Amino acid sequence: KAGVTQTPRYLIKTRGQQVTLSCSPISGHRSVSWYQQTPGQGLQFLFEYFSETQRNKGNFPGRFSGRQFSNSRSEMNVSTLELGDSALYLCASSPISSAGYETQYFGPGTRLLVL
Amino acid sequence: AQSVAQPEDQVNVAEGNPLTVKCTYSVSGNPYLFWYVQYPNRGLQFLLKYITGDNLVKGSYGFEAEFNKSQTSFHLKKPSALVSDSALYFCAVREKGNNRLAFGKGNQVVVIP
């Protein structure tokens, strides 16, 4: 199976702009989670989507939003970019079994630089 | 809220020696524990997990981890380290019924030839 794919891989934006990142999960995986990785804060959970519904949200401002489509692909959007939004944004997908959530598998990430 | 502590910033080990990366956790109820590895400019690669069962879990690339409930620890081990094991290692925990992973700060492992 193909792994989790994320596009674009690299992005440069300026303060005040908005950005949309895309994630395609592993085939058959219906849960998609997003994480932000920075040197200072480490890996932080942004949100999780399952069946086009946001099921869980981390402690990030409302400028960070996401959505999931019927084919389980997901996008996240950051509006009014700030310098501190520069980070590696990681998407992870996982299947759902009768036992509950399974292992999350990560994509290569999108590296966002805000100037 | 769930949390993970990885007390060491960097672990240096000579090639061929045993490698241990420490992790302690805090969670309500039974923990779901994971180890991931990250190479430069890459995403996270899954190594192994503990859900239930044997306290010693075997994973990819010769890694294993030992779950200790009384010490709330889940240390990662490899009997004989390789130079190619040099990378950033993350321990993560989640609660049952919740797909939100809480990560430790990560440990940089440097294997010296």
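This structure is a prediction, so every number in the text was calculated from the model and none was measured. Throughout, a chain's letter reflects where its sequence line sits, starting with A, and its residues are numbered from 1.
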Side chain / backbone / both / neither for [X] at chain B, heavy atoms under 4.5 Å:
X      : answer
A:Q6   : neither
A:T103 : both
A:L43  : both
A:R111 : side chain
A:F50  : neither

Do A:K57's NZ or CZ and the ring of A:F47 fall within the cation-pi criteria of under 6.0 Å and 45°?
no
Chain A contact via B:Q45 - which portion, at a heavy-atom distance below 4.5 Å
neither
Measure B:R100 against the heavy atoms of chain A and call it side chain, backbone, both or neither at under 4.5 Å.
both
Matching residue for A:R30 among A:S93, A:S51, A:S72 - test: side-chain hydrogen bond (donor to acceptor under 3.5 Å, both in side chains)
A:S51
Of the listed A:R9, A:R55, A:Q37, A:Q41, the one with the largest count of heavy-atom pairs under 4.5 Å with chain B is A:Q37
Selection from A:P108, A:S94, A:G42 maximising heavy-atom pairs under 4.5 Å formed with chain B:
A:P108
Is the shortest distance from a Lys or Arg side-chain nitrogen in [X] or [Y] to a carboxylate oxygen in the other one below 4.0 Å?
X      : Y     : answer
A:E82  : A:R63 : yes
A:R67  : A:E75 : yes
A:E102 : B:K49 : yes

Checking B:N99 against A:Q104: is there a side-chain donor and acceptor pair closer than 3.5 Å?
yes
Can you tell me how far CG of B:L101 sits from OH of A:Y35, rounded to the nearest 0.5 angstrom?
3.5 Å
